[in-house]
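Reviewing the structure listed below.
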Amino acid sequence: MPAPSRGRLTLSTTPQSAADPRSKEYITASNRRASAELASDYALLGAQLKRRGIDIDALCQRVGEFAVALPSWGVGTGGTRFARFPGLGEPRNVFEKLEDCAVVHALTGATPRVSLHLPWDACEDYGALKAHAGKLGLGFDAVNSNTFQDQRGQAQSYKFGSLTHTAAAVREQAVAHNLDCIRIGQQLGSKALTLWIGDGANFPGQQHLARAYERYLDSAARIYAALPSDWRLLIEHKMYEPAFYATVIQDWGSSLLAAQTLGPQALCLVDLGHHAPNVNIEMIVARLVHAGKLGGFHFNDSKYGDDDLDAGSIDPYRLFLVFNELTDAQWRRVPELRPAHMLDQSHNVTDPIESLMGSAIELTRAYAQSLLVDREQLAAYQDSNDALLATQTLKRAYTTDVAPLLARARELRGAAIDPLATYRASGYRAACAQRRPAAAGGSGGGIV
Ligand code: RM4
Ligand code: MN
Ligand code: MN
C-alpha cells in the first residue's frame, strides 16, 4: 500500500491493490507512515497556541467531537438541468449509498450519521436497513420528504405545488407523504423531519401570496401534529428554484414565522446556498439563535445561484463566521441550542466521496478556528468600539493553520491522518466500478 504523503499536494492515485478503506488495519497502516511528521507539526502548533493561552490537547478533544451528517443523495454523481455525467461505480440503492457514507466516516471520523431522502431512499425493509447501517457504524439524522417531484403511479401531481396547492387532494397527498416519512424515520432512529418544498410561482399574479402561505401553515400544522414528542420539524427556506418569481418559504422570515406559529418543536433550517449572493448568513444565524429557533444547517457553498458546491470551497471565511456565531452562542450558554449539522451538496465533477470528506474537514476546520477566537478580548474591543482590533481578533483565529490539530483529532479517533491520500491509495472507486456496473441508461444516485 503506498504511503500517504502529507508533504505534497499532488497525490499518486494509482493504487497497487484494492484495500477496504473502512478497515481499521488499513487506516492504521496508512497512518503509521505519516504519524511522526504529524507529531512534530502538532507539537509546533501546540507551542504557538500555548503562547496564546490555549491548551491544544483540550482543543483537540473538542474538535474530535465535531460531527456532521451526510446527505444520502450526495454520494451519487449529481448533474445540472443540462446534463448528468455519471461517475464510475456509483451506488445503485440506499444500501450501497450507506457503504460509501461509511468510507467517508471511517476516514474522517466526523460523519457518523446519514440523512435520508424519501422516496429516493425507499426500500422494502427498514429494519434491515437499520441493521446494515449499524454494521457500518452509522446512524440516521433527519429524514427529508420530497414533494417537489412526481413519483410513478402517484395520484395527484405536484406541478403546481404540494403543501400549498390550491386543491385539497394534493395537499392531502403531500401531508400523507410527510407522515410516512416520520413513520420510516421512527423505525430508523431519526429524530427530525426536514421540510423543504419547491412550491411557488413563476409569474406575478399566478399565486395569491397570502393564501398560499396560509395553506402552508395549515398543511404544516397537520404534519406537526403527527410529530413524536422527541422529534423536531426543521423548516428549510430557499429563495428560488424551482419557483423563479415567488417561493412560498423563500426566506428566514417566512420560515421563522411558520416555526413560531407551529410550536416549540418547529425550528428553522439554514441551507447556506439558499440566499441571494452577499446575504449576511451569519447574521441570520445570530437572529435565529436569539429567537431560540435555530434548528439546523444544510452546509454547502455557492458563488452565484447554485446551492450545492462543496462547503468551504468558495468562501471559507463566511463558513468560519457562521461557526463563530455558534461558538459564541455556546460560550454565552444560550440554552437548548443544538442545531443539526448536515451537508447538502451535489457533486458533478468530483468523486462524491472525496468531496464529502473534504467538506466534512472544512466544517471541522471552521469549527476549530472558531474555538480559537479570544472571546473576552473580542468583547472588550467591541465594547470600546475598536473596530480594527475587533476584526483582527477574528482574523487571527481564522488565519491559524489548524491542519495538524484536525489531523491529530482524526488519528486519535482511529480515522485517517490524510483521508484523501488514504482513500485514493485504497482503490475503492475502481473496486466499486467492478462490482457496481452502471444500470442501463446510466442512472445512479444524484440529482439532475
Ligand atoms: C433543495 C433543498 C433540499 C434538498 C433538495 C434536494 O434545494 O436544499 O434540502 O433536499 O434540494
Ligand atoms: Mn438543503
Ligand atoms: Mn438546495
Side-chain angles (χ1 to χ4, degrees), residues 68-81 84 94 97 113-122 140-151 158 161-163 174 177-178 181 184-185 190 192-200 220 232-244 247-252 254-255 258 267-277 279 281 284-285 288 294-311 313-314 319 322 339-348 352 355-356 359 363 444-448:
V68 60
L70 294 172
S72 66
W73 60 103
V75 284
T77 306
T80 65
R81 61 205 165 90
R84 189 180 91 89
V94 64
K97 288 179 190 177
R113 282 177 299 280
V114 180
S115 190
L116 293 190
H117 219 302
L118 296 164
W120 289 342
D121 294 322
F140 293 95
D141 213 292
V143 280
N144 298 258
S145 59
N146 176 346
T147 59
F148 48 83
Q149 66 182 181
D150 289 346
Q151 308 300 328
Y158 295 134
S162 59
L163 293 179
H177 168 64
N178 277 281
C181 289
I184 293 168
S190 293
L193 171 70
T194 300
L195 195 56
W196 175 73
I197 55 167
D199 296 30
R232 301 191 288 170
L233 182 66
L234 303 177
I235 300 174
E236 179 176 2
H237 62 274
K238 182 178 186 182
M239 188 179 69
Y240 77 100
E241 201 198 22
F244 289 114
T247 293
V248 180
I249 305 297
Q250 68 127 6
D251 57 7
W252 69 278
S254 311
S255 167
L267 300 165
C268 304
L269 183 140
V270 179
D271 182 314
L272 268 63
H274 287 187
H275 307 88
V279 159
I281 298 176
I284 295 174
V285 171
L288 292 176
L294 182 67
F297 291 91
H298 273 178
F299 288 107
N300 50 47
D301 214 335
S302 78
K303 177 74 178 165
Y304 304 107
D306 176 75
D307 56 342
D308 283 322
L309 295 178
D310 292 14
S313 64
I314 304 289
L319 187 62
V322 165
H341 295 150
M342 296 174 273
L343 289 167
D344 180 4
Q345 306 182 162
S346 176
H347 314 104
N348 304 347
S355 271
L356 289 166
S359 301
L363 293 187
I447 308 152
V448 181

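Heavy atoms only: backbone and side chains are in, while hydrogens, waters and symmetry mates are out. When a ligand or atom number is given, it counts from 1 through the structure's own listing order.
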Min over E241, H117, H298 of heavy-atom distance to atom 6 (C) of ligand 1 lands on H117
- prompt: For ligand 1, is there an N or O atom under 3.5 Å from any N or O atom of D344?
  reply: yes
The residue among T194, N144, D344 that forms side chain to side chain donor-acceptor pair (under 3.5 Å) with S115 is N144
Is the H237 to H275 ring centre distance short of 6.0 Å? yes
Within 4.0 Å of some non-hydrogen atom of D307, the atoms of ligand 1 are 7 (O)
State whether a side-chain donor-acceptor pair under 3.5 Å links S313 with D301.
-> no
Using a distance-only test with no angle check, is there a side-chain donor-acceptor pair under 3.5 angstrom linking W73 and Q345?
-> no
Q. Of the backbone and side-chain N, O or S atoms of H298, does one lie nearer to the Mn ion (ligand 3) than 2.8 Å?
A. no
Q. Under 6.0 Å between the ring centres of H177 and F148?
A. no
Contact region, T194 to ligand 1, non-hydrogen atoms below 4.0 Å, reads neither
Atom 2 (C) of ligand 1: of E236, H237, K238, the nearest heavy atom sits on E236
The N/O/S atom of D344 lying closest to the Mn ion (ligand 2) is OD2
message = Classify the ring geometry of F297 against H341: parallel below 30°, tilted from 30° to 60°, perpendicular beyond 60°.
response = tilted
Here the N/O/S atom of D307 closest to the Mn ion (ligand 3) would be OD2
d(D307 CG, M239 CE) to nearest 0.5 Å is 10.0 Å
For this session: In plain terms, say whether K97 and D121 are close enough for a salt bridge, that is, a side-chain N and a carboxylate O under 4.0 Å apart.
Result: yes
_Any heavy atom of H274 closer to ligand 1 than 4.0 angstrom?_
yes
Per-atom filter on ligand 1: closer than 4.0 angstrom to a heavy atom of D271 are 8 (O)
Vertex the Mn ion (ligand 2), ends D271/OD2 and E236/OE2: angle to nearest 10° comes to 90°
